[in-house]
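Order of appearance sets the numbers: ligands from 1, and atoms from 1 within every ligand. Since the model is a prediction, treat every value here as computed from it, not as a measurement.
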Amino acid sequence: MEKEKKILYSGMQATGTLTIGNYLGALKNWVDLCEEYECFYGVMDLHSLTVRQEPAQFRKTAKNLYALYVAAGLDPQKNCIYYQSHVPAHAQLCWILNCFTYMGELNRMTQFKDKAARHEDNVNAGLYTYPVLMAADILLYQADMVPVGADQKQHLEICRDIAQRFNNLYGEVFTIPEPYLGKAGAKIMSLQDPQKKMSKSDENVNATIYLLDDRDTIIRKCKRAVTDSDTVVRYGEDKPGISNLMDIYGSITGKTAKEIEAEFDGRGYGEFKMAVGETVADELTPLQKRYEDLLKDKEYLAQCIRENDAKAAHAAQKTLRKVQKKIGLTESL
Ligand code: TRP
């Protein structure tokens, strides 16, 4: 029987506080996919362990990420929103797939090379096999589509290679996932250095708008955003700061660059920055309110987590069992 809806899988690491870059580049678009696809969205807490976490803070961060998913509009009744670490099949399949992945392949991962260079004091084996755990995440749910940013493309490719290799040996066990090529989320850059991607971990707090920043903070950060010395609101490579603000403004209002240029024709940077700040604040206020309400309603959130963990575990177990059988692991009696 043909599946009714295609399956879509994605998730974010549970580290730091989400930024409007994460929101406009991913989360906001995920919300739009909920009707068309059967969606699984994970709080990727196992992946976060490749960097040392302070336990109490980590627990909070993971819970906040879950609440932010829901506050942003991912419906825990319609989608499966769950904690990766609550579904043991991830770690189990990861081990099996480790044995079908070559060190040569992992050595080529650019993110591993970058991260290893940046954290020389903690180049652990988890960092090395990070892409294999990610492959397990995706393959467990037989995902057809994975919406990922450019920085994760190589990880999706190795996932496809591993799945194909396994299928060649054992038959059609895994669905081969495709990158989701729908409307691309905007790539939001740092407000202080528009050549750099906006990052959760930027040392300059003015570089990043966090989803939980209050209205005044958001407006202040937009006003201080680094721009060129010209005064014309125009999109272009020579104007990275203004173009970035236009991307932010455009992805919230749905306006094109041309429309924004016309709207701010002759009005100068001050007015434009103020409008961007207010638009971002208006977009985030209802999300922040839902987030606060969710955190207060502990029983509701606990129930969502329980139900969704069970949904995810059920789907994952089915694939894991199939894999175990294929490779000849005996069933526990
Ligand atoms: N590596 C992804 C990131 O940092 C997070 C992630 C983990 C993921 N497992 C995934 C994304 C599976 C998509 C599918 O953004």
For His47, atoms of ligand 1 separated by under 4.0 Å from a heavy atom: 7 (C), 9 (N)

Pair Arg321-Glu331, salt bridge (charged side-chain N to carboxylate O under 4.0 Å, His left out): steps then yes or no: CA-CA 9 Å; Arg321 188 58 214 133; Glu331 201 157 6; 3.4 Å; yes

Between Tyr141 and Tyr82, ring centroids under 6.0 Å: yes

Side chain, backbone, both or neither: Asp151 near ligand 1, heavy atoms under 4.0 Å: neither

Under-4.0 Å salt bridge between Glu261 and Lys258: yes

Top protein contact for atom 9 (N) of ligand 1, by heavy-atom distance: Asp137 OD2, 2.7 Å

Protein contact to atom 4 (O) of ligand 1 [nearest heavy atom, distance to 0.1 Å]: Tyr130 OH, 3.3 Å

Test of proximity, Gln152 against ligand 1: N or O pairs below 3.5 Å: yes

Tyr66 ring center near Tyr41 ring center (under 6.0 Å): no

Residue and atom name of the nearest protein heavy atom (relative to atom 5 (C) of ligand 1), distance in Å to one decimal: Gly11 O, 3.6 Å

Donor-acceptor pair, side chain of Lys223 and main chain of Gly270, under 3.5 angstrom: no

